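If you're wondering where the values come from, they're calculated on a predicted model, not measured in any experiment. If you read the sequence from its start, that first residue is 1, and numbering goes on from there.
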Amino acid sequence: MKTFFAVLSAATLSLALLLAGCGSSGQPPAASGNAEGPAAADGGQAGQPKSNLKIGMVTDVGGVNDNSFNQSAWEGLQRLQQETGIEVKYLQSTGDAQYVPNLNEFVKSGWDLTWGIGLLLGDHVKKVAEENPEAKLAIIDAVVEAPNVASITFKEHEGSFLVGVVAGMMTKTGKVGFVGGMDIPVIKRFEAGFKAGVAAANPNVEVITIYTGFFDKPDLGKSAASTMYGQGADIVFHASGATGDGVFNEAKDRKAKGEAVWVIGVDKDQSLTFGNEITLTSMIKRVDEAVYRVSKELADGKFAGGQAVELGLKENGVDLAETSKDNVPADVLQKVEEYKQKIINGELTVPQEPAK
């Protein structure tokens, strides 16, 4: 049963996200790290007094340079450090066995807040939280029912519906593709929303779906994209973390040969990384802002563990990238806006599981 933060309610965070604009800059992280020890971004801006607080972050297997939600989360913490002087570090996980040790490295060292990024860390965050009831933890993409954990989830299906509308209206071949990472609920929401959006825009469009099983295998993303483009898809949406880098690489190779193919990015505005010559649009998931705001609440003495918040279109937690106007025609964007308002107003409910 989800409840909403007394301090950090969905409406409060929505306003914070709105005031903050679109969030991440798309720039790569300034620091790198691995499982042997956390990488740090120490100190604040010139003249900024350094805080005594320390906030750590544990990535999932996609890693901090995934051009996706791990990187976005780290950018949120970097921004917090730059503005407040709070010390921030991350530990990068390369496998399931590293999640608990990485979380415990922060918790046992007395860090003030430890983030777990991604659904894959859900059970591990719960274990560490229960074993360390005095510690404060937070997680993205999962709900952990523990009094010392703050949980942030997103309505990925709503944002994915919008990019599905774009794909459905803009495909020239009548075929589009979806590349998923692991076959888990959060990724199924991306798939469900995308397929529903495509069908709403054009029920005659075929959606080809491939799950690679990984978030950190660009070669598998490239292979999946190659299969889809080879079967006639001209637009591919991915929700696969660093695996999606391979989707962009395949599109770039084909574009260089004169093929009219596109990729729809995820989590961040991926045109800033891969270029708008192959990025049709991106489904923004404001992980950076959520991580920043929850961490800032802690710094302000208002951290509320044991509760959860879910962010969708109404809360400004998901949306299309502002750069969409570079490649998406105005009439398509207008149709997207119409669907967006219907979802916000409750006139349209987007499915969270793909249609059979």
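Taking CD1 of I278 as the start and NZ of K252 as the end, the distance is 5.0 Å to the nearest 0.5 Å. The line from OG of S223 to CE of M228 is 10.0 Å long, rounded to the nearest 0.5 Å. Taking CD1 from I343 and CG from L348, the interatomic distance works out to 5.0 Å, rounded to the nearest 0.5 Å. To the nearest 0.5 Å, atoms NZ (K188) and NZ (K195) are separated by 6.5 Å. Atom CE of M57 and atom CD1 of I140 lie 10.0 Å apart (nearest 0.5 Å). Summarising the geometry, atom CG belonging to L280 is positioned 6.0 Å from atom CG belonging to N327; distances are rounded to the nearest 0.5 Å.
D60 and N70 share a donor-acceptor pair across their side chains, judged by distance under 3.5 Å alone. Between the side chains of S271 and N276, not a single donor N or O lies within less than 3.5 Å of an accepting N or O. H124 and N102 share no donor-acceptor pair across their side chains, judged by distance under 3.5 Å alone. If you check the side chains of Q98 and T94, you find a donor sitting under 3.5 Å from an acceptor. Side-chain atoms of E337 and Q341 form a donor-acceptor pair, as typed in the model, at a separation below 3.5 Å. T153 and D141 share no side-chain donor-acceptor pair at under 3.5 Å. Between the side chains of K108 and N132, at least one donor N or O lies within less than 3.5 Å of an accepting N or O.
Listed for the N345 side chain is no donor-acceptor partner under 3.5 Å among the backbone atoms of E347. Remark: side-chain polar atoms of D269 are not paired, donor with acceptor, to backbone N or O of I284 under 3.5 angstrom. Of the possible polar contacts, one joining the N202 side chain to the N204 backbone as a donor-acceptor pair under 3.5 Å is found. Here the side chain of S109 pairs no donor or acceptor atom with the backbone of W111 at under 3.5 angstrom. For E158 (side chain) and L313 (main-chain N/O), a donor-acceptor pair under 3.5 Å exists by modelled atom type. Looking only at distances, no side-chain donor or acceptor of D66 sits under 3.5 Å from a matching main-chain atom of G241. For T243 (side chain) and G181 (main-chain N/O), no donor-acceptor pair under 3.5 Å exists by modelled atom type. Formation of a donor-acceptor pair under 3.5 Å by the Q270 side chain with backbone atoms of V266 is found in this model.
F194 and F161 have their aromatic ring centers separated by at least 6.0 angstrom.
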Q.
I'd like to know whether V336 forms a side-chain contact (heavy atoms from CB on, under 4.5 Å) with L320, so could you lay out the CA-CA distance, the side-chain angles of the two residues, the decisive distance to 0.1 Å, and finally the verdict.
A. CA-CA 9 Å; V336 167; L320 262 62; 4.1 Å; yes
Q.
Show, in sequence, the C-alpha distance, side-chain angles and deciding distance for L298 and K136, and conclude whether the side-chain contact (heavy atoms from CB on, under 4.5 Å) test is met.
A. CA-CA 9 Å; L298 172 74; K136 294 182 176 69; 3.6 Å; yes
Q. For K340 and E338, what are the C-alpha separation, side-chain angles and deciding distance, and is it a salt bridge (Lys or Arg N to Asp or Glu O under 4.0 Å)?
A. CA-CA 5 Å; K340 177 179 177 179; E338 291 174 11; over 6 Å; no
Q | Residues L120, F215; criterion side-chain contact (heavy atoms from CB on, under 4.5 Å); working and verdict | A | CA-CA 11 Å; L120 298 180; F215 290 120; 4.2 Å; yes
Q: Evaluate salt bridge (Lys or Arg N to Asp or Glu O under 4.0 Å) for K296 paired with E83, printing each intermediate quantity in order.
A: CA-CA 10 Å; K296 184 67 164 55; E83 294 182 2; over 6 Å; no
Q: Start with the C-alpha gap between D288 and K268, add the side-chain angles, then the distance that decides, and say whether salt bridge (Lys or Arg N to Asp or Glu O under 4.0 Å) holds.
A: CA-CA 9 Å; D288 56 338; K268 295 160 55 67; over 6 Å; no
Q.
Show, in sequence, the C-alpha distance, side-chain angles and deciding distance for D267 and S72, and conclude whether the side-chain hydrogen bond (donor to acceptor under 3.5 Å, both in side chains) test is met.
A. CA-CA 8 Å; D267 295 332; S72 182; over 6 Å; no
Q) Could you walk me through whether W74 and T59 pass the side-chain contact (heavy atoms from CB on, under 4.5 Å) check? A) CA-CA 9 Å; W74 178 235; T59 76; over 6 Å; no
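F106 has its side chain out of reach of W115: every pair of non-hydrogen atoms, C-beta onward, lies at least 4.5 Å apart. Looking at D234 and K175, their side chains never come closer than 4.5 Å, going by heavy atoms from C-beta outward. Counting heavy atoms from C-beta outward, R79 and E289 have side chains that approach closer than 4.5 Å. Residues I139 and I152 have side chains not in contact (no heavy-atom distance under 4.5 Å, counting atoms from C-beta outward). At a threshold of 4.5 Å between non-hydrogen side-chain atoms, the residues V318 and R286 do not count as touching. Residues V247 and H238 meet the side-chain proximity criterion, which asks for heavy atoms closer than 4.5 Å. At a threshold of 4.5 Å between non-hydrogen side-chain atoms, the residues Y211 and F178 count as touching. Counting only heavy atoms from C-beta outward, the side chains of S151 and V309 never approach each other to under 4.5 Å.
Put simply, F214 and F248 are part of two different groups of oily side chains (I, L, V, M, F, W, Y) that touch within less than 4.5 Å, one to the next. Cluster annotation: V236 and V207 are assigned to distinct hydrophobic clusters (Ile/Leu/Val/Met/Phe/Trp/Tyr, side-chain heavy-atom contacts under 4.5 Å, transitive). Under the 4.5 Å side-chain heavy-atom criterion for grouping Ile, Leu, Val, Met, Phe, Trp and Tyr, V291 is connected to L53 within one hydrophobic cluster. Note: the hydrophobic cluster containing M170 does not contain I208 (ILVMFWY, side chain heavy atoms under 4.5 Å, direct or indirect links). Clustering ILVMFWY residues whenever any of their side-chain heavy atoms sit less than 4.5 angstrom apart, transitively, puts F274 in a cluster other than the one holding F237.
Residues A224 and T212 come closest through the heavy atom pair CB-CG2, 4.3 Å. Nearest heavy-atom pair, H157 versus Q352, reported as atom, atom and distance to 0.1 Å: NE2-CG, 3.5 Å. Pairing each heavy atom of A321 with each of S324, the nearest pair is O-OG, 2.7 Å. Minimum heavy-atom separation, G312 to E315: N-OE1, 2.7 Å. Among all heavy-atom pairs drawn from V261 and A251, the shortest one is CG2-O, 3.8 Å. Contact record, D216 with G62: CB-CA, 4.3 Å, taken as the closest heavy-atom pair.
More than 12 non-hydrogen atoms from other residues, nucleotides or ligands lie less than 6.0 angstrom from NZ of K54. Within a 6.0 Å radius of CG in D123, no more than 12 heavy atoms belonging to other residues, nucleotides or ligands are found. The 12-atom threshold is not exceeded at CD of E353, counting heavy atoms of other residues, nucleotides or ligands nearer than 6.0 Å.
Screening V166, V176, T171 for a side chain to side chain contact (heavy atoms under 4.5 Å, CB included) with V198, the sole residue that qualifies is V176. No option in V179, D253, D245 other than D253 meets the side chain to side chain contact (heavy atoms under 4.5 Å, CB included) test with K222.
Annotation: cation-pi pair R254/Y229 absent, no NZ/CZ under 6.0 Å from the ring centroid and within 45° of its normal. Annotation: cation-pi pair K255/W262 present, NZ/CZ under 6.0 Å from the ring centroid and within 45° of its normal.
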